[in-house]
Structure formats: C-alpha cells, structure tokens
Amino acid sequence: MTICMIGAGGFIGSHLCEKLMAETPHKVLALDVYSDKIKHLLEPDSLPWVGRIVFHRLNIKHDSRLEGLIKMADLSINLAAICTPADYNTRPLDTIYSNFIDALPVVKYCSDNNKRLIHFSTCEVYGKTIGSFLPKDSPLRKDPAYYVLKEDTSPCIFGSIQKQRWSYACAKQLIERLIYAEGAENGLDFTIVRPFNWIGPRMDFIPGIDGPIEGVPRVLACFGNNLLRREPLKLVDGGESQRTFVYIKDAIEAVLLMIENPDRANGHIFNVGNPNNEVTVRQLAEMMTKVYAKVSGEPSLESPTIDVSSKEFYGEGYDDSDKRIPDMTIINRQLGWNPKTSLWDLLESTLTYQHRTYAEAIKKSMVKPIAS
C-alpha cells in the first residue's frame, strides 16, 4: 500500500518509517518541514528500499499539495502536532491551532476521498483521574477503577479554562470527537492512537540541536538534557506525579499491527503504553541518574535533584494530571499486542544514544561543553 505519513520527520515518524522500509513492501510519502531524522533512509541511492520513501517538504498549515498527496495514498497517518508542555501555557493559540484546526483538513480529505486514517492523539485527553478528587487518605485511591485509564469508559476531566495547560488535551480531544463523528456519519475508516510517553533514541532532548530552540521539552528529555550538562534535575512540585513509559520500538510494533490489520483496528481507540513501567517523576529522576552514571562513566552530582514550583518552571496557568496508567485490554484483545521492554532497559538505550550524540555535537562545536 501507499502511506501518506504527515510528520514523518519527527521522533515517532522516523522510527515508523524505518520499520516500514525494513519489514514491509509499502511505499511512504513522507511529509514534514524537516528531514534530519529520516535522512539515513533517503540517502544514498543504493539503499534496498530506494524509491519506496519519498520526502515532501511541506507545512500542512498552508500547502495546497496536501489533498493530492492524501488522494495518492491508501492510508494517511497524522503525527503532526505541537506537543511540548511548556508551549501549552505560553503558546495556547498555536497549540490549539496545531492540534485541532490544522488537523481538520487531513480528516476532511480522508473522509471525502474514502481514505483510511490513523490519527495520533495523546494520553493527556484523559486529564485528571477520578481518584485525584478523593481525599488523600481515602482507601479508594488504591482501587484501579479510580485511576486506570480505559478508552471506552474513562471520563476526560480537565482543569479550569484559566489553566491553559489543558489547551493541548482539549484540542486533541475535540479532533478525536470529530474523527469519531466522521466515522459514525460518513463512514470514515479511522484508528486513534493514544501514546503514553513513548521513549527512545532520536527523541528531542537538546533544545536548538535536535529540537526547537524555544520551550521546555518533556520530562525525560528535560532530565536527559540536565544529565548531559551535569546540572541538577528539576522536580516540578516535588516530582509526585506518576507516569508510565514505553520503548519506542515496542510502540512501533503496535502501530504496524494497526496498519496491517484494518479489520481489527478500524473504529477503535488504542492506548499504547506500558503499565509495568510506572514511576513517580522523582523515582524516574533517581533511576535516570543511576543509568546515566553507568552509560557515561561519570560520577553523579552530590545533589542530583532540586525542587521547583510549576509556576517557576512552566509559568502561570500550569496544571497537571496525577497519574497516567493505561488499561491495555482493547489493544491486547484486538491486536494481541503487549509491551516488552523494562524501564531500566529503555532508559539505558535512550541515554546511551543521547550521550553519544551529545559528544558528537561537542566535537562539531554545535554545543559548548560544561566546564568541570
């Protein structure tokens, strides 16, 4: 089949393109404003998949070629988004436009031309858990019914309008509802993916080098950046929020199953995460400090972490979810997928890659080494 992949040059897109080139006969129309992360797939001409991946440099916000490229494909995969937490407060309009308004034509073109769509949403659409509203000493907080997130039954609970941190989740939820409505009313074949913290090599971790120079990256990228620069890891509001992390290569296996099994994937929303890799942000910082010491051979700082307030770190209007633990029933039933990689192993793979890439950047004078 021919796949139109929007956002192919990003972290997830680059791994998915690799998988498709290596293990399938499919052709990819790779759309993005940057191609750095997939350059190794495009050159040289002697690659075994030459001609099966074609890069189109475009911004879906204002490019008339988009509908034609979607028409040429059997399946469109939309990965394009602003998904950096610091931007949700400081650039709420851009965040809403990127995740809702800019995605509207993609959904419309797929629906109008009877093309299948796999749309990437986020685990943030769940917002806060029901358990977060219970008294802190309530035994119900330990009941999975109050914090495990299910695609078909869990409510989406956001903070007040003044908490602009929810601009991202709200935009993502609304485009999900629109896609679902297109399926119900107009027969759109769709699959919605809700990633739960996909981690691995090539995720942006040094602002201005392999990610946007402005803004603050996600927690693991932030911590990785601090470790490389030998700076204390900043724990926002004590680092008590809980998260789960899944290895990018495990997650891409799930996406490939969705691509190859439309009859089992169409019409479904899938959590894609690893509930076995659950930690508080503070525990994540402690584990990353140990893993980095192993892969780098450098001693840990005497004070490896410091506490900061969310207002100080993210600015006014920040809010957060307490837990994000995915229920895996639907994806296991429909596609037989389960994640495999432990948190320690995925951190070791990611930090080894980041340490090597940072060293290369220093050699090329792309970054300045931290004085010892």
Side-chain angles (χ1 to χ4, degrees), residues 83 85 88-89 120-177 180 192-199 218-220 235-247 250-251 254 268-287 307 309-310 314 317-335 337-339 341-343 346:
C83 52
Y88 310 160
N89 284 1
F120 274 69
S121 185
T122 173
C123 60
E124 292 212 9
V125 296
Y126 292 108
K128 299 170 179 284
T129 65
I130 298 173
S132 69
F133 294 91
L134 296 170
K136 289 196 173 182
D137 58 352
S138 171
L140 291 177
R141 276 180 171 262
K142 297 180 181 180
D143 184 344
Y146 290 89
Y147 65 83
V148 173
L149 302 170
K150 300 184 178 184
E151 300 96 324
D152 51 354
T153 60
S154 293
C156 303
I157 307 172
F158 303 146
S160 67
I161 298 300
Q162 288 81 2
K163 299 293 186 181
Q164 294 200 100
R165 187 252 189 279
W166 299 110
S167 59
Y168 172 68
C170 232
K172 282 291 195 183
Q173 185 202 128
L174 188 52
I175 198 69
E176 278 198 28
R177 292 190 183 278
Y180 199 91
I192 292 171
V193 186
R194 290 180 180 166
F196 280 71
N197 299 298
W198 296 11
I199 303 302
R218 289 170 176 269
V219 61
L220 194 139
L235 299 177
V236 175
D237 295 338
E240 296 307 310
S241 294
Q242 291 173 263
R243 297 288 183 269
T244 60
F245 297 88
V246 65
Y247 192 40
D250 289 351
H268 286 284
I269 300 171
F270 292 119
N271 289 339
V272 182
N274 189 339
N276 298 319
N277 289 343
E278 179 196 357
V279 286
T280 66
V281 173
R282 181 177 291 277
Q283 289 169 333
L284 175 68
E286 293 167 353
M287 185 178 287
D307 287 358
S309 70
S310 56
Y314 287 116
Y318 187 76
D319 199 9
D320 206 352
S321 54
D322 53 327
K323 285 191 177 192
R324 292 190 203 145
I325 315 300
D327 180 89
M328 306 304 293
T329 303
I330 293 178
I331 194 167
N332 185 259
R333 181 190 70 217
Q334 293 299 118
L335 300 174
W337 180 82
N338 280 304
T341 310
S342 71
L343 183 56
L346 75 84

**Q** For residues P339 and V246, report the shortest heavy-atom separation together with the two atoms involved.
**A**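 For P339 versus V246, the nearest heavy atoms are CB-CG2, 4.1 Å.
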**Q** Do Y146 and T129 make a side-chain contact, defined as non-hydrogen atoms from C-beta onward lying under 4.5 Å apart?
**A**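 No - every pair of side-chain heavy atoms lies 4.5 Å or more apart.
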**Q** Search all heavy atoms of V125 against all heavy atoms of Q173 and return the closest pair with its distance.
**A**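 Where V125 meets Q173 most closely, the heavy atoms are CG1-N, 3.8 Å.
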**Q** If I take atom CG from residue D152 and atom OG1 from residue T329, how far apart are they, to the nearest 0.5 angstrom?
**A** 8.5 Å
**Q** Can you see which heavy atom on D237 is nearest to which on S309, and at what distance?
**A** OD1-CA, 3.4 Å
**Q** Could you pull out all residues at least two apart from A285 that satisfy side-chain contact (heavy atoms from CB on, under 4.5 Å)?
**A** F223, L233, L235, T305
**Q** Does some side-chain heavy atom of F270 sit less than 4.5 Å from a side-chain heavy atom of V193?
**A**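 The answer is no, as the side chains (C-beta and beyond) never meet within the 4.5 Å cut-off.
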**Q** Would you give the length of the straight line joining atom CD1 of I331 to atom CD1 of I269, rounded to the nearest 0.5 angstrom?
**A**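 Those atoms lie 12.5 Å apart.
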**Q** Go through the structure and list residues passing salt bridge (Lys or Arg N to Asp or Glu O under 4.0 Å) with D307, not counting sequence neighbours.
**A**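 Here the qualifying residues are R282.
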**Q** For a 4.5 angstrom cut-off between non-hydrogen side-chain atoms, does S241 reach T280?
**A** no
**Q** F158 and ring-ring contact (aromatic ring centres under 6.0 Å, His included): which single residue from W166, Y168, Y88 fits?
**A** W166
**Q** Would you give the length of the straight line joining atom CD1 of I325 to atom CG of N274, rounded to the nearest 0.5 angstrom?
**A**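 So the CD1 of I325 and the CG of N274 are separated by 10.5 Å.
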**Q** Would N197 and L220 satisfy side chain to side chain contact (heavy atoms under 4.5 Å, CB included), going step by step from the backbone distance to the final call?
**A** CA-CA 9 Å; N197 299 298; L220 194 139; over 6 Å; no
**Q** Working to the nearest 0.5 Å, report the span between OG of S121 and CD of E151.
**A**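 Interatomic distance, S121 OG to E151 CD, rounded to 0.5 Å: 11.5 Å.
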**Q** Taking side chain as C-beta onward, heavy atoms only, is Y247 less than 4.5 Å from N277?
**A**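 No, side chains not in contact.
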**Q** First locate atom CZ of F196, then atom CD of E278, and finally report the distance between them rounded to the nearest 0.5 Å.
**A**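 Between F196 CZ and E278 CD, I get 11.5 Å after rounding to 0.5 Å.
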**Q** Side chains of R324 and E124: closer than 4.5 Å at any heavy-atom pair?
**A** yes
**Q** What residues, two or more places apart in sequence or in another chain, satisfy side-chain hydrogen bond (donor to acceptor under 3.5 Å, both in side chains) together with Y126?
**A**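 Listed in chain order: R194, N271.
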**Q** My understanding is that only residues two or more places apart in sequence, or in another chain, count here; which of them pass ring pair (Phe, Tyr, Trp, His ring centres under 6.0 Å) with F133?
**A** none
**Q** Is it the case that the side chain of W337 and the backbone of D250 share a donor-acceptor pair, with hydrogens and angles ignored and the cut-off at 3.5 Å?
**A**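 Indeed, once roles are kept as given, a pair shorter than 3.5 Å links the two residues.
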**Q** Checking R141 side chain against P135 main chain: does a donor-acceptor pair fall under 3.5 Å?
**A** yes
**Q** Do V281 and V236 come within less than 4.5 Å of each other through their side chains, counting heavy atoms only?
**A** no
**Q** Does atom CZ of R333 have more than 12 heavy-atom neighbours, drawn from other residues, nucleotides or ligands, at distances under 6.0 Å?
**A**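 Count over threshold, so yes.
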**Q** What pairs with K128 under salt bridge (Lys or Arg N to Asp or Glu O under 4.0 Å), at least two apart in sequence or on another chain?
**A**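 So K128 forms a salt bridge (Lys or Arg N to Asp or Glu O under 4.0 Å) with D319.
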**Q** If I take atom CG from residue L284 and atom OG1 from residue T244, how far apart are they, to the nearest 0.5 angstrom?
**A**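 If we round to the nearest 0.5 Å, L284:CG and T244:OG1 are 11.0 Å apart.
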**Q** Can you sort out the partners of F245 under ring pair (Phe, Tyr, Trp, His ring centres under 6.0 Å), two or more places apart, ordered by chain and number?
**A**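 Ring pair (Phe, Tyr, Trp, His ring centres under 6.0 Å) check on F245 returns nothing, list empty.
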